[in-house]
Amino acid sequence: MANGNGARSGQTTPPPLPAPQNTQNETPNGRFSVAGQFAYISPENAPAALRQAGYSESEQASILAGIKRRDYRLAVMPVFDAGGTGGTIAIASGPVRRIVHLTPKPKPIVLPITIAGEVTIAAISPTAPTGLTAGAVTVLGPEALPTLQQGDNLLLTVIVQ
């Protein structure tokens with residue numbers, strides 16, 4: 001018997017992660033486009049969040065100046081390996097680029113989000129034949145992102161809440 005989410009009663013393994021609930025499109029140039037909502041870090045908590053996230057002093061100063069000018073809002077985007085293949089991604093947002101080695105456990109990535117809200121995720125390590133599937137923990141819960149091959153880019157439109 002199936003429950004509301006399609007899982008059978010007494011099922012011991014969790015159902016597969018759903019595709020992102022927002023827009024997902026493949027653009028003509030092979031880039032993917034997805035939208036997601038992530039947790040907001042208030043300006044008064046930004047200095048501590050940036051220090052804990054491992055940003056250099058110059059990066060912190062640049063991001064904090066952008067927050068003060070209202071060029072950026074700070075968000076936390078936990079990412080994880082949703083496909084079980086591992087791999088490395090680059091996340092670019094505003095003035096920063098972070099390299100993340102994917103693991104099954106979500107890693108919180110603190111990012112300055114521009115007013116346009118665009119974050120680019122690129123697969124930078126060799127991928128398995130099935131590709132690299134990163135996931136992100138949004139305000140709606142964990143979501144698998146589109147599968148990427150090495151060199152593919154994902155344009156993520158971030159809504160900060």
Side-chain angles (χ1 to χ4, degrees), residues 4-5 14-27 29 31-125 131-148 152-161:
N5 67 7
L17 289 174
Q21 303 209 0
N22 296 312
T23 309
Q24 177 180 333
N25 298 309
E26 185 169 356
T27 59
N29 62 1
R31 298 177 100 190
F32 294 95
S33 176
V34 177
Q37 299 176 17
F38 296 94
Y40 172 70
I41 298 172
S42 66
E44 58 271 5
N45 293 327
L50 291 169
R51 272 192 307 278
Q52 290 175 345
Y55 284 98
S56 70
E57 286 187 25
S58 64
E59 288 172 322
Q60 290 177 48
S62 173
I63 295 167
L64 290 171
I67 290 170
K68 188 174 183 176
R69 288 188 311 271
R70 298 180 187 228
D71 292 340
Y72 310 125
R73 290 183 289 165
L74 210 54
V76 61
M77 185 174 90
V79 295
F80 61 96
D81 177 9
T85 58
T88 304
I89 59 173
I91 302 174
S93 178
V96 301
R97 183 172 185 256
R98 306 295 280 183
I99 304 298
V100 181
H101 303 287
L102 296 173
T103 64
K105 181 180 178 185
K107 293 180 181 180
I109 308 300
V110 175
L111 295 171
I113 306 298
T114 62
I115 300 305
E118 294 182 347
V119 173
T120 302
I121 298 175
I124 60 172
S125 66
L132 177 153
T133 305
V137 181
T138 70
V139 296
L140 301 174
E143 294 188 22
L145 300 173
T147 299
L148 302 173
D152 283 350
N153 291 301
L154 168 68
L155 181 62
L156 183 62
T157 301
V158 174
I159 300 163
V160 181
Q161 292 197 8

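Just so you know, residue 1 is the first one in the sequence shown, and it goes up from there.
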Side chain to side chain, [X] and [Y], heavy atoms closer than 4.5 Å:
X: P95; Y: Y72; value: yes
X: I91; Y: M77; value: yes
X: L156; Y: F38; value: yes

Spatial distance of atom [atom1] ([X]) from atom [atom2] ([Y]) [nearest 0.5 Å]:
X: I89; Y: L154; atom1: CD1; atom2: CG; answer: 9.0 Å
X: D152; Y: I124; atom1: CG; atom2: CD1; answer: 13.5 Å
X: Q37; Y: E143; atom1: CD; atom2: CD; answer: 9.0 Å
X: T85; Y: L132; atom1: OG1; atom2: CG; answer: 5.0 Å
X: L64; Y: L74; atom1: CG; atom2: CG; answer: 8.0 Å

Only counting residues at least two apart or in another chain, list the ones meeting side chain to side chain donor-acceptor pair (under 3.5 Å) with S62.
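With neighbours one apart ignored, the set is empty.
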
Minimum heavy-atom separation for [X] and [Y], please, with both atom names.
X: R97; Y: A90; result: NH2-CB, 3.4 Å
X: V160; Y: A75; result: CG2-CB, 4.0 Å
X: S56; Y: E59; result: N-OE1, 2.9 Å

Main chain of T88, side chain of S125: is a donor-acceptor contact present, judged purely on distance under 3.5 Å?
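A pair under 3.5 Å: yes.
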
What pairs of residues pass the salt bridge (charged side-chain N to carboxylate O under 4.0 Å, His left out) test when at least one of them lies in residues 70-82, not counting sequence neighbours?
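Salt bridge (charged side-chain N to carboxylate O under 4.0 Å, His left out) check on residues 70-82 returns R69-D71.
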
Atom CD of residue position E44 - does it have more than 12 heavy atoms of other residues, nucleotides or ligands inside 6.0 Å?
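Counting other residues, nucleotides and ligands, CD of E44 exceeds 12 neighbours.
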
Considering only distance and modelled atom types, tabulate donor-acceptor pairs under 3.5 Å from the side chains of residues 105-116, sequence neighbours left out.
{"unit_1": "K107", "atom_1": "NZ", "unit_2": "H101", "atom_2": "O", "d": "2.5"}
{"unit_1": "T114", "atom_1": "OG1", "unit_2": "G117", "atom_2": "N", "d": "3.4"}

